Amino acid sequence: MKFTSIVTAAVSSAIAVSGTPIHKREIGGVLLCTGVNATGTCSYSVYALETCHQLPAPFHQNTSTFAPDGEDFECFPRIGDCGSICTSPTGCTFGSVDFNYKNKFNLGAIKWNNLISSFDCSLKTTTSTDCNCIDPLQNTMASITTNASIASFGGRFLKLTHQSSVTGGPMNFTLFLPAGISESAPAPLLIYLSGLTCTPDNVTEKGFLHAHAAPLKLALLYPDTSPRGTSHPGEHDSWDFGSAASFYIDATQEPWAQNYKMETYITKELPELVFSQFKQLDPQRVSIAGHSMGGHGALTLFLKNPGKYKSVSAFSPVSNPSACPWGEKAFTGYLGADKEEWKKHDATELVKHWKGYLNALLDVGTADNFYKQRQLLPENFAEATKAAGIEGLQLRYQDGYDHSYFFISTFGEDHIKHHAKHLGLL
Ligand SMILES: N[C@@H](CCC(=O)N[C@@H](CSC=O)C(=O)NCC(=O)O)C(=O)O
């Protein structure tokens with residue numbers, strides 16, 4: 001683990017408890033006691049995942065009860081302090097302690113009661129069928145599967161899947177957690193919406209946004225581009241409609257209205273799930289960005305939800321979908337033929353009603369074939385912004401750049417810094 005929190009809550013809330021342990025059943029909830037069977041001085045806290053927690057007195061090297069309080073995560077007690085280097089040939093943890101660990105109320109049975117100096121916890125890597133995560137919208141049970149945990153630029157990518165009650169099926173997303181963040185020093189979050197044909201992997205592997213976010217301690221959330229796992233007629237036949245082409249709206253036309261509810265998913269369900277389970281993220285400081293179709297998503301969700309996001313940015317955004325072939329096809333399919341309905345999901349229309357400063361950075365490559373084919377129309381968005389007398393739009397045309405990740409990775413640092421400024425990091 002790369003970052004540290006001191007278990008201050010444990011000291012301040014330390015209480016003498018004996019007998020039956022308390023059961024709050026929250027992800028990250030751990031009961032610590034100096035005595036066996038939840039006796040002596042005890043403290044129950046919900047700890048941020050993927051963070052090293054330093055044990056203070058009286059628990060430092062004096063913990064007989066170490067009881068994770070839920071089936072869906074596990075913890076690793078460690079001999080060393082947070083930040084120390086493990087030199088023991090046999091390792092510095094005895095392994096995973098979870099809800100079902102047999103010695104959790106008596107670590108003396110394996111002689112670890114006088115050894116634990118710190119610990120960290122993470123979600124288990126398999127789905128639990130009886131997870132205790134509360135679904136933020138339905139108040140029903142939700143589950144998260146950790147498919148991979150990958151170190152990069154000092155932080156960590158978590159590739160995750162959960163069951164969405166909004167889209168009615170499994171949804172993948174990737175979270176980048178920089179090093180050095182904790183519940184007491186939570187990181188702001190940038191949501192990045194990818195373009196047509198993408199999964200969260202394209203930008204993760206080729207965008208390098210996290211290389212610039214890591215030193216600023218900015219967390220990144222990469223959602224998927226559509227629901228998966230259904231087979232509506234024609235859903236997988238074309239690359240600009242159906243799967244990986246949701247356009248981040250709530251469809252009103254059948255069969256798409258059954259599960260293509262990406263606007264609600266991105267603005268409500270996913271962030272609420274993430275903030276409820278990753279306490280080292282700050283729900284008060286969120287911004288949004290995207291590429292191409294995802295640029296349309298970022299611009300429209302920003303404009304529809306004043307105050308929800310601190311800033312917006314986009315690479316080669318589809319800026320006036322009602323007037324381009326991609327948008328016409330998607331809006332006809334998802335929303336029907338009524339063009340008045342389309343205006344509610346079109347950045348060039350929405351910006352006319354914006355009040356205040358825009359905090360927007362857009363980059364478009366002049367060698368972008370989709371720009372040349374008039375799929376993007378950033379000039380229409382800029383014109384509407386200007387006509388409405390709105391300030392704060394920075395639209396840059398980058399000479400010779402195309403639509404690809406060579407372009408995104410070149411100007412990614414500027415976008416990260418744009419958001420970092422509005423999120424209070426710079
Ligand atoms: N040849 C591309 C065509 C589609 C494409 O360029 N997709 C872009 C997004 S376009 C607008 O939303 C993209 O990001 N593709 C993924 C990638 O890794 O380049 C293709 O089939 O990907």
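Note that ligands are numbered from 1 as they come in the structure, with each ligand's atoms numbered from 1 the same way. No experiment lies behind these values; they were computed from the predicted model shown.
Val97 is listed as a side-chain neighbour of Pro68, based on a closest heavy-atom distance under 4.5 Å.
The shortest N or O to N or O distance between Lys206 and ligand 1 is under 3.5 Å. The shortest N or O to N or O distance between Gly195 and ligand 1 is not below 3.5 Å. For the pair Thr197 and ligand 1, the shortest N or O to N or O distance falls below 3.5 Å. Considering both main-chain and side-chain atoms, Asn202 comes within under 3.5 Å of ligand 1 through a nitrogen or oxygen pair.
For His296 and Phe247, the gap between ring centers is short of 6.0 Å. Between His419 and His415, the gap from one ring centroid to the other reaches at least 6.0 Å.
Around atom CD of Glu254, more than 12 heavy atoms belonging to other residues, nucleotides or ligands sit under 6.0 Å away. Lys386 NZ: 12 or fewer foreign heavy atoms inside a 6.0 Å radius. The environment of Glu383 atom CD is sparse: at most 12 non-hydrogen atoms of other residues, nucleotides or ligands sit within 6.0 angstrom.
Within the 4.0 Å heavy-atom shell around ligand 1 one does not find Ser404. Gln375 does not count as a contact of ligand 1, since none of its heavy atoms falls under 4.0 Å from the ligand.
Listed by number with element, the atoms of ligand 1 under 4.0 Å from a non-hydrogen atom of Met293 are 11 (C), 12 (O). Which parts of ligand 1 touch Cys198 is read off a 4.0 Å heavy-atom cut-off, strictly below it: atoms 13 (C), 14 (O), 15 (N), 16 (C). Taking a cut-off of under 4.0 Å to the non-hydrogen atoms of Leu196, the atoms of ligand 1 that pass are 7 (N), 8 (C), 9 (C), 11 (C), 12 (O), 13 (C), 15 (N).
Atom 1 (N) of ligand 1 is not flagged as protein-proximal [any protein heavy atom, distance under 4.0 Å].
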